[in-house]
Amino acid sequence: MPELPEVETVRRGLTLKLEGRVLVRVDQHRPNLRFPLPVDFAARLTGRRVLSLDRRAKYILIRVDGGLVWMIHLGMSGSMVVKPGPAGVPAAHDHLVFHTDDGWVVTYNDVRRFGFMDLFDESGLDSHPMLAPLGPEPLGNGFHGVALSERLAGRRTPIKAALLDQTVVAGLGNIYVCEALFRAGIAPTRLADSVAGADSERLVPIIRDVLGEAIAAGGSTLRDFVQSDGELGYFQHNFRVYGREDEACVTCGHDGAPEGRIRRIVQSGRSTFFCPRCQR
DNA sequence: CACACAACCTGTCAGC
DNA sequence: TGCTGACAGGTTGTGT
């Protein structure tokens with residue numbers, strides 16, 4: 001589920017409760033998520049102090065003392081719930097429960113179990129098989145028109161698929177690719193190669209805007225996340241095309257013409273939403 | 001190498 | 001009400 005903005009929101013929420021705290025107890029309710037959890041995962045994490053929380057693409061990277069990195073990926077349906085202790089009876093799909101030394105309880109819930117976690121020595125960070133292939137961070141300095149253009153040039157796949165490729169740019173998912181292409185007026189079916197050059201220059205700031213706005217929206221839901229249901233990972237956001245099949249395009253659809261309605265197509269097995277009149 | 005597609009797993013919703 | 005099929009925000013592995 002969560003794309004970069006949601007993961008960033010989770011990271012910020014977790015930082016508020018975990019940074020500087022000691023994990024006094026870790027309850028592991030099953031041996032695996034998408035992959036087997038590391039050997040002695042709970043035991044190796046227990047007693048560690050959380051030093052800092054970072055994000056790379058859709059991964060949350062938590063440095064704990066002893067030189068270890070605790071890596072979390074939320075998959076499609078993973079979420080973190082933060083509540084004051086003591087912990088009650090685990091709900092369905094509560095797979096891991098982390099207790100802090102100041103009495104807070106952080107629960108990892110994941111219905112579909114596409115998420116995963118790892119725990120490894122910080123010396124292995126750069127070479128981690130899931131982190132090493134990642135492309136530039138879309139909100140970082142390494143992501144600019146030339147960089148995107150170079151990674152799209154020569155590729156014969158649709159631009160939609162190319163932007164979902166985490167080695168092209170790291171952190172975009174289905175929703176924000178649709179939104180960025182809509183704002184850029186670029187048809188999702190165009191070959192990636194044709195978006196190299198001037199269109200890449202235009203696309204980069206649009207991708208930054210789309211993600212930045214979503215992070216801001218998530219931040220506003222964070223303010224008192226503990227008082228509500230404590231859930232981190234999902235927030236309501238208004239999308240211009242995603243999920244709006246058959247609705248009038250917000251840009252050109254006011255004339256009621258059928259070609260100004262949002263269409264849904266399937267590209268490499270994923271839904272794409274776009275305006276056939278605005279996006280060329 | 002580049003690309004398309006199935007698989008992983010569970011829940012929800014529309015339609016019959 | 002119950003059944004079936006489509007679909008869901010991600011990533012890996014396999015096959016062409």
Side-chain angles (χ1 to χ4, degrees), chain A residues 1-11 29-37 55-60 71-80 91-95 108-118 128-135 138 150-182 188-196 207 210-211 213-215 217-218 221 231-246 263-274:
Chain A
M1 139 282 178
E3 303 185 27
L4 188 152
E6 291 76 20
V7 176
E8 175 61 18
T9 299
V10 172
R11 184 194 69 82
H29 295 140
R30 52 177 307 126
N32 64 302
L33 296 173
R34 172 161 187 191
F35 306 116
L37 284 155
R55 179 190 55 74
R56 172 77 171 108
K58 299 168 194 169
Y59 296 88
I60 296 170
M71 184 175 91
I72 302 172
H73 194 292
L74 302 172
M76 294 270 263
S77 56
S79 67
M80 289 286 191
H93 313 297
D94 281 353
H95 305 309
Y108 177 74
N109 181 286
D110 188 353
V111 172
R112 294 176 73 184
R113 242 185 299 130
F114 284 6
F116 47 91
M117 295 192 190
D118 201 357
H128 192 284
M130 280 158 180
L131 302 177
L134 294 174
E150 283 175 355
R151 288 170 190 265
L152 296 180
R155 296 197 56 164
R156 310 285 300 165
T157 196
I159 183 62
K160 163 77 187 307
L163 292 176
L164 281 175
D165 182 342
Q166 302 295 297
T167 69
V168 170
V169 53
L172 291 183
N174 205 34
I175 292 178
Y176 294 107
V177 168
C178 290
E179 294 295 310
L181 288 175
F182 174 73
T189 47
R190 265 175 59 186
L191 254 35
D193 182 68
S194 79
V195 181
I207 289 172
V210 167
L211 296 177
E213 287 172 24
I215 290 172
T221 71
E231 180 162 338
L232 297 169
Y234 299 82
F235 56 86
Q236 201 49 46
H237 191 58
N238 256 350
F239 304 119
R240 296 185 191 175
V241 284
Y242 188 84
R244 296 189 178 277
E245 183 178 15
D246 292 336
R263 286 184 48 196
R264 184 179 80 88
I265 59 174
V266 175
Q267 294 180 285
S268 41
R270 318 287 306 277
S271 288
T272 300
F273 298 87
F274 73 108

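The model shown is predicted, which means the values in this text are computed figures rather than measured ones.
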Subject >> Within-4.5 Å side-chain heavy-atom neighbours: A:Leu4 and A:Ile215 >> reply: yes

**OP:** Taking atom P in both B:dC5 and C:dC7, compute the distance separating them and give it to the nearest angstrom.
**Re:** 14 Å

Original post:
If you measure from the P atom in B:dC9 to the same atom in C:dC3, how many Å do you get, rounded?
Top reply: 24 Å

Subject >> Short side-chain N/O contact from A:His93 to OP1 or OP2 of B:dC9, under 4.0 Å >> reply: no

Original post:
Does B:dC9 have a Watson-Crick or wobble partner in any strand here, with both distances under 3.5 angstrom, and which is it?
Top reply: none

Subject >> Separation of atom CG in A:Leu172 from atom C1' in C:dG10, rounded to whole Å >> reply: 13 Å

Original post:
If you pin A:Arg264 and A:Arg270 to their nearest nucleotides in DNA chain C, which one's is more 5'?
Top reply: A:Arg264

Subject >> Minimal non-hydrogen separation, A:Pro133 against A:Thr167, with atom names >> reply: O-CG2, 3.3 Å

**OP:** Pick the P atom in B:dA7 and in C:dG5, then give their distance to the nearest Å.
**Re:** 16 Å

Original post:
How close or far is atom P of B:dA2 from atom CG of A:Leu191, stated in whole angstroms?
Top reply: 14 Å

**OP:** Evaluate the side-chain proximity of A:Met80 to A:Ile72: yes if any heavy-atom separation is below 4.5 Å, no if none is.
**Re:** yes

Original post:
Does the side chain of A:Gln166 get closer than 4.0 angstrom to OP1 or OP2 of C:dG10 through an N or O atom?
Top reply: no

**OP:** Figure out the CE/P separation between A:Met76 and C:dC7, and round it to whole Å.
**Re:** 13 Å

Original post:
C:dG10 phosphate, OP1 or OP2: any side-chain N/O from A:His73 under 4.0 angstrom?
Top reply: no

Original post:
Once you round it to whole Å, what is the distance between C1' of B:dG11 and CZ of A:Phe114?
Top reply: 11 Å

Original post:
Base, sugar-phosphate alone, or nothing: which one does A:Arg113 contact when heavy atoms must sit under 4.0 Å apart?
Top reply: sugar-phosphate

Original post:
For A:Arg156, does the CZ atom sit with more than 12 other heavy atoms under 6.0 Å from it, leaving out its own atoms?
Top reply: no

**OP:** Report the distance from atom NZ of A:Lys58 to atom P of C:dG10, rounded to the nearest whole Å.
**Re:** 4 Å

**OP:** Report yes if a side-chain nitrogen or oxygen of A:Arg34 is closer than 4.0 Å to either non-bridging phosphate oxygen (OP1 or OP2) of C:dG10; otherwise report no.
**Re:** no

Subject >> Euclidean distance, atom CG of residue A:Asp94 to atom P of B:dT10 [Å, nearest integer] >> reply: 15 Å

**OP:** Starting at atom CD1 of A:Ile60, determine the distance to atom C1' of C:dG10, rounded to an integer number of angstrom.
**Re:** 14 Å

**OP:** Measure the distance from CE on A:Met71 to C1' on C:dG10 and round it to the nearest whole Å.
**Re:** 13 Å

Original post:
Nearest to the side chain of A:Tyr59 - B:dC3, B:dG11, C:dT12?
Top reply: C:dT12

Original post:
Which value, in whole Å, describes the distance between the P atoms of nucleotides B:dG11 and C:dT11?
Top reply: 22 Å

**OP:** Check the surroundings of atom CZ in A:Arg190: do more than 12 heavy atoms from other residues, nucleotides or ligands lie under 6.0 Å from it?
**Re:** yes

Original post:
With both distances under 3.5 Å as the test, what is the Watson-Crick or G-U wobble partner of B:dA4?
Top reply: C:dT14

Original post:
Counting just side-chain N and O atoms, does A:Ser77 come under 4.0 Å of either OP1 or OP2 of C:dA8?
Top reply: no

Subject >> Atom of A:Gly173, atom of A:Glu3 and distance for their closest heavy-atom approach >> reply: N-OE1, 2.8 Å

**OP:** Answer with base, sugar-phosphate or nothing: what part of the nucleic acid does A:Gly269 contact at a heavy-atom distance below 4.0 Å?
**Re:** nothing

